[in-house]
Every structure is written in structure tokens, then in C-alpha cells.
Protein chains: 2
Amino acid sequence: MQNRPSSNTTDPVSITLADRLFDTLQRAIVEGEIAPGSKISEPELARQYSVSRGSLREAIGRLEARKLVERKPNLGARVVTLSYEQLIEIYQVREALEGMAARLAAQNMSETEIEELQTLLEEHGHEIEEQHGQAYFQKQGDLDFHYRIVQGSKNHQLIGLLCDDLYHLLRMYRYQFGMRSKRSQQAYEEHHYLINAIAAKDPEMAELLMRQHIRSSRRNVERMLLES
Amino acid sequence: MQNRPSSNTTDPVSITLADRLFDTLQRAIVEGEIAPGSKISEPELARQYSVSRGSLREAIGRLEARKLVERKPNLGARVVTLSYEQLIEIYQVREALEGMAARLAAQNMSETEIEELQTLLEEHGHEIEEQHGQAYFQKQGDLDFHYRIVQGSKNHQLIGLLCDDLYHLLRMYRYQFGMRSKRSQQAYEEHHYLINAIAAKDPEMAELLMRQHIRSSRRNVERMLLES
DNA sequence: CTCGCTTAAAGTGTCGACAATTATTAACTA
DNA sequence: TAGTTAATAATTGTCGACACTTTAAGCGAG
């Protein structure tokens, strides 16, 4: 789910070179291969990936739009530096946007989509029982679940903001801070309540539960980062 | 307020050429000089503004990031086409994000910021009394008010999403659909309630009022567009 | 006359080079 | 030796040219 070929085009694989470069660099940054705060040297990267500086600059521009790099005129681009404050800010935005997404999903998700989501949740449940799925659940499964609800909102603005912009930043934080929580059991239960509200077509309740869920997740992160 | 020199850099005027081009094109698109849905011909615009295609492409890339143009590989870029459905989507996103912004503003705005906001609101009141300020109120004053609350949230993610991305799209709709509402009196009152909640440091109430305010605004738009 | 193919034109994607700006080093003075 | 300035190197910004793709026009067969 998380590694769709390109940004948001429905076409097969990324056609243009700058697109592929963008995907490659985004993955490298998100997964930490290129360290946060490090400088992006255009000549060096261009040589490294055997592309022109022009194509590279286009890719960098799109990374900047997604707030994965910051560029200052005549000074070049740097990978963003992650901070506790920014992570909190992201959770606040998520609470607002995903709360709305859950509300809309309760109105707009099709029956088959709901069933697929329930199936996905059952799988997560099994993985938790088997105990070795904890890491997976927090790293991918959780985002997977949220991802589908956002899609279910059918609001393209919302989908773009969350799936194209925020989620990549969030994944970067997870890689960087090693955010595996012992909260998977609780998160699983909260997901369960949430999907029930959606299946019951209760927008108000869906939004409420989603916001509580994300607030809990945020508090968990706060605890985790303050003790380290 | 709405025409800051560049995107979000604190530097003086836009230094780089692509930056100026970006500002120019953004204004031209938002104000309708370049028609929605029209094709962006790189050679033509490059000649028209006497710049290289490279610089132009960088500017277009940033317009794409703000969803003011859509680009398809090997086919070029077009100014976005505005639709009723998309406008509704934007209002839903605004309700979520600005609701959160109001909540945070109630927690984080300084006393002086609150006073300035009250002063601004009084001016709006006078303009409405004098009757000839209606158009102004809806066109700029309203966004001005919302703009300041968003700033008052002190959440940079939120500020970026709303002020750098969504608001320009919204202004484009206002220019394009000629959205002047007869709702200025009611909107003024709602702004009044809202600022009281903020001054009282009541986050819950502030968010509630802001969401109601935006929902009202959305319903007004729905009415207006359905009768035309 | 229409449909399909071939071919020319225009447009986008990519590249390497030059110009302008910033960072670095070296020399020089106090 | 420390600080300042000048010269040099490296990096970014901008440009024009070439390669590939898409579109349009022209042409021929049915």
C-alpha cells in the first residue's frame, strides 16, 4: 500500500526520470538512508544517480513540496530535521483531518470496502495473538488501516493531504525514532470500535472515536519520547 | 496580508527568478487571468515572460504542488478546473483544519494578538454598517480574520496547509464564481462569538463555533450555486 | 468519403554549459 | 596570534540545445 509506483498518477510505473528519482529519494529520506538535517549536494547526487542536475532539481522541488527537504535560495537543500514539537504538530493535524475522514467514511464507504476493512482488522488481530506481529502492526498495519479509512472518505483533498504529504513524514518519524509501541493491543481494540461506528453509519461517533484514538497515540508518543 | 512577497521565506523580496515567476503565475491563475482548464504552454509562457523554460518549469512544479495546475507526463500542465464537488471538499477540509486551528488559537494566542483581532473585527463591523463594505468584507476581510486565527494556532504544519495551499485555491473560487454573500452580517456575528471564546481561552467552544461557522458558510455556498 | 498509415510539426523531458552567489582558503595588517 | 580582506574554489541559478513523445496533417487504400 505504502509504496505505490508514483505520486498519485494512475498510470503504470513512473514514466519520467524525475518521477523515479523522486520516489527513490523519498524512500531514501524516509527510511533514513539520507540522514535528517544533512545537506543535499546537487552535483554529488546527480553523479551518484547518473542523472542531470535539472532532473534532480525537479525531484528535489517535489520533495520540498512534501516538506521532506527544506531549500533556501542560493544555499541549497537540506533534509528536514525532525523535532518533538513538529511531531506533536503533525498529530494535531492528523487528529483534525483523520477525524473528518472517519466522519466522511461513515457516510461514504461502500459495504464491500467495510467488509475488506474488517477482514484486514481480523488479520491484525491474529498477528497480535501470535505475538510476533507487534512490530509489524505498529509499523505498517496501523498506517494501512488509517490509509483505507482516508480512502473511504472519498474526499480527494483529504486523501491528497494525508496520503501524499503527511503519511510520508510520519513514516520518517517512525523510522527515525524507532517508534514501536506496546500499545498494539489497545490500538487494535480502538480500531475495532471505530470500524463498528463506520459499519453503523454513525459519522459523529466515528469522528469522535478516531480523534480519541489519535490523541491516545499522541500521548503514547509523548510518554515514549520523554523517557528517552 | 494575502500577497506576501514569496511563499513562506522570511527573506525580503523573492530573490530567485523562479520564485518571482511563481508568484506572478499564481496571482494570474487565482485572479483568473489564465482561465481554469486552459493549457500551460511552456514555450509560449517562457517567451511571454522572457525566461528560460527551466525556470518556468520549476515555477509550474510549485504551482502543481499547490494544486493550482495539474500536470500529466508528456502532456503538459493545465490550470485546474473548478468544480462544485471540489469546493465542497475544500470546505470539509477547512472545517476540520480551522476547527483545530481555533482550538489551538484559544490556547496559544497572545493577549496582544487577541486585541488586534478584536480591533480588526470592529473595523469590519463599521464597514458593514456603512453598507458599502459588504463586498470587501466577504472578499478579503473574512479571509483576513481566518488567516489570523490560523496564525494564532502557532502550529506550523497547520499554518502551512491552510495559508500556503488551501487559501489560494479558495481565493481562486471566489474570483471565479463571484462569491459575494449577503451573509456578511451573520458572519460578522459568528466571528464575534468566536473571538469571545478565544478570549475566554475556551478551546472546546472555539472549535465548535469555528466548525459551525464554516458549515454555515458552506451551506450558503451550496444555496448560491444551486440557484444559478 | 472514410479509415488507417506515414510523416512532419509541436511540445515535453533531459542534458551539459555558463553566470551569479556563497563558502573557503590565503595572505596581510595590527 | 587574532582579525580582516582578497582571491579562489565550489555550489546554485539560469539558459539554450538535443532527444523522445504526442499531436496533427497529409496521403493512399478500400
Side-chain angles (χ1 to χ4, degrees), chain A residues 5-26 28-29 34-35 37-65 67-81, chain B residues 5-26 28-29 34-35 37-65 67-81:
Chain A
S6 172
S7 55
N8 46 13
T9 57
T10 59
D11 297 349
V13 255
S14 310
I15 298 296
T16 174
L17 178 56
D19 279 342
R20 285 195 297 271
L21 241 186
F22 168 69
D23 288 337
T24 302
L25 288 179
Q26 173 169 261
I29 290 176
I34 304 179
S38 63
K39 186 162 179 353
I40 304 270
S41 168
E42 294 184 3
E44 183 183 335
L45 277 190
R47 195 167 36 78
Q48 188 170 337
Y49 289 99
S50 304
V51 296
S52 146
R53 264 187 57 223
S55 304
L56 178 65
R57 281 170 66 85
E58 180 164 338
I60 292 178
R62 291 169 64 175
L63 290 172
E64 184 188 18
K67 302 187 190 309
L68 292 175
V69 310
E70 288 172 347
R71 182 150 56 167
K72 292 177 181 175
N74 292 319
L75 288 182
R78 310 190 78 88
V79 178
V80 290
T81 61
Chain B
S6 173
S7 53
N8 46 14
T9 57
T10 60
D11 296 347
V13 256
S14 311
I15 297 296
T16 172
L17 178 56
D19 278 343
R20 284 196 297 270
L21 241 187
F22 168 71
D23 288 337
T24 302
L25 288 178
Q26 174 169 262
I29 290 177
I34 305 179
S38 64
K39 188 164 178 349
I40 304 267
S41 168
E42 293 185 3
E44 183 182 336
L45 278 190
R47 195 167 34 78
Q48 187 170 336
Y49 289 99
S50 304
V51 294
S52 147
R53 264 187 59 223
S55 305
L56 178 65
R57 281 171 65 85
E58 180 165 338
I60 293 178
R62 292 169 62 175
L63 290 172
E64 184 188 19
K67 302 187 189 309
L68 292 175
V69 309
E70 287 172 347
R71 181 149 59 166
K72 291 178 182 175
N74 291 319
L75 288 182
R78 310 189 79 91
V79 179
V80 290
T81 61

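Every chain is numbered from 1 and lettered A, B, ... according to where its sequence line falls, protein lines coming before strand lines. Computed from a prediction, not measured in an experiment: that's the story for all the values here.
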Pick base, sugar-phosphate or nothing for A:Gly54, based on heavy-atom distances below 4.0 Å to the nucleic acid.
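It contacts nothing in the nucleic acid.
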Base, sugar-phosphate, or nothing for B:Leu21, non-hydrogen atoms under 4.0 angstrom?
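No contact.
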If I take atom [atom1] in residue [X] and atom [atom2] in nucleotide [N], what distance separates them, rounded to the nearest angstrom?
X       : N      : atom1 : atom2 : result
A:Ile15 : D:dT21 : CD1   : P     : 10 Å
A:Glu42 : C:dT21 : CD    : C1'   : 13 Å
B:Ile40 : C:dA10 : CD1   : C1'   : 17 Å
A:Arg47 : D:dT11 : CZ    : P     : 10 Å
A:Arg57 : C:dG16 : CZ    : C1'   : 14 Å
A:Leu17 : C:dT14 : CG    : P     : 5 Å
B:Lys72 : C:dG13 : NZ    : P     : 13 Å
B:Glu58 : C:dT14 : CD    : P     : 15 Å

Working to the nearest 0.5 Å, report the span between [atom1] of [X] and [atom2] of [Y].
X       : Y       : atom1 : atom2 : answer
B:Leu45 : B:Ile34 : CG    : CD1   : 5.5 Å
A:Leu68 : A:Leu25 : CG    : CG    : 10.0 Å
A:Lys39 : A:Glu44 : NZ    : CD    : 9.5 Å

Tell me which nucleotide among D:dG13, C:dG11, D:dT11 gets nearest to the side chain of A:Asn74.
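Comparing D:dG13, C:dG11, D:dT11 against the side chain of A:Asn74, the answer is D:dG13.
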Any [X] side-chain nitrogen or oxygen under 4.0 Å from OP1 or OP2 of [N]:
X       : N      : answer
B:Thr16 : D:dT12 : no
B:Ser55 : D:dC15 : yes
B:Lys39 : C:dT12 : yes

Confirm from the modelled atom types if B:Arg53 and C:dG11 form a donor-acceptor pair under 3.5 Å, side chain to base only.
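Absent.
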Just by modelled atom types, is the A:Gly37 backbone N or O under 3.5 Å from a matching donor or acceptor in the A:Arg78 side chain?
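Yes, A:Arg78 side chain to A:Gly37 backbone: donor-acceptor pair under 3.5 Å.
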Whether B:Arg20 side chain and B:Ile15 backbone form a donor-acceptor pair below 3.5 Å:
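Checked: pair present.
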5'-most contact on DNA chain C: A:Val51 or A:Leu75, nearest heavy atom basis?
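Comparing both residues, the 5'-ward one is A:Val51.
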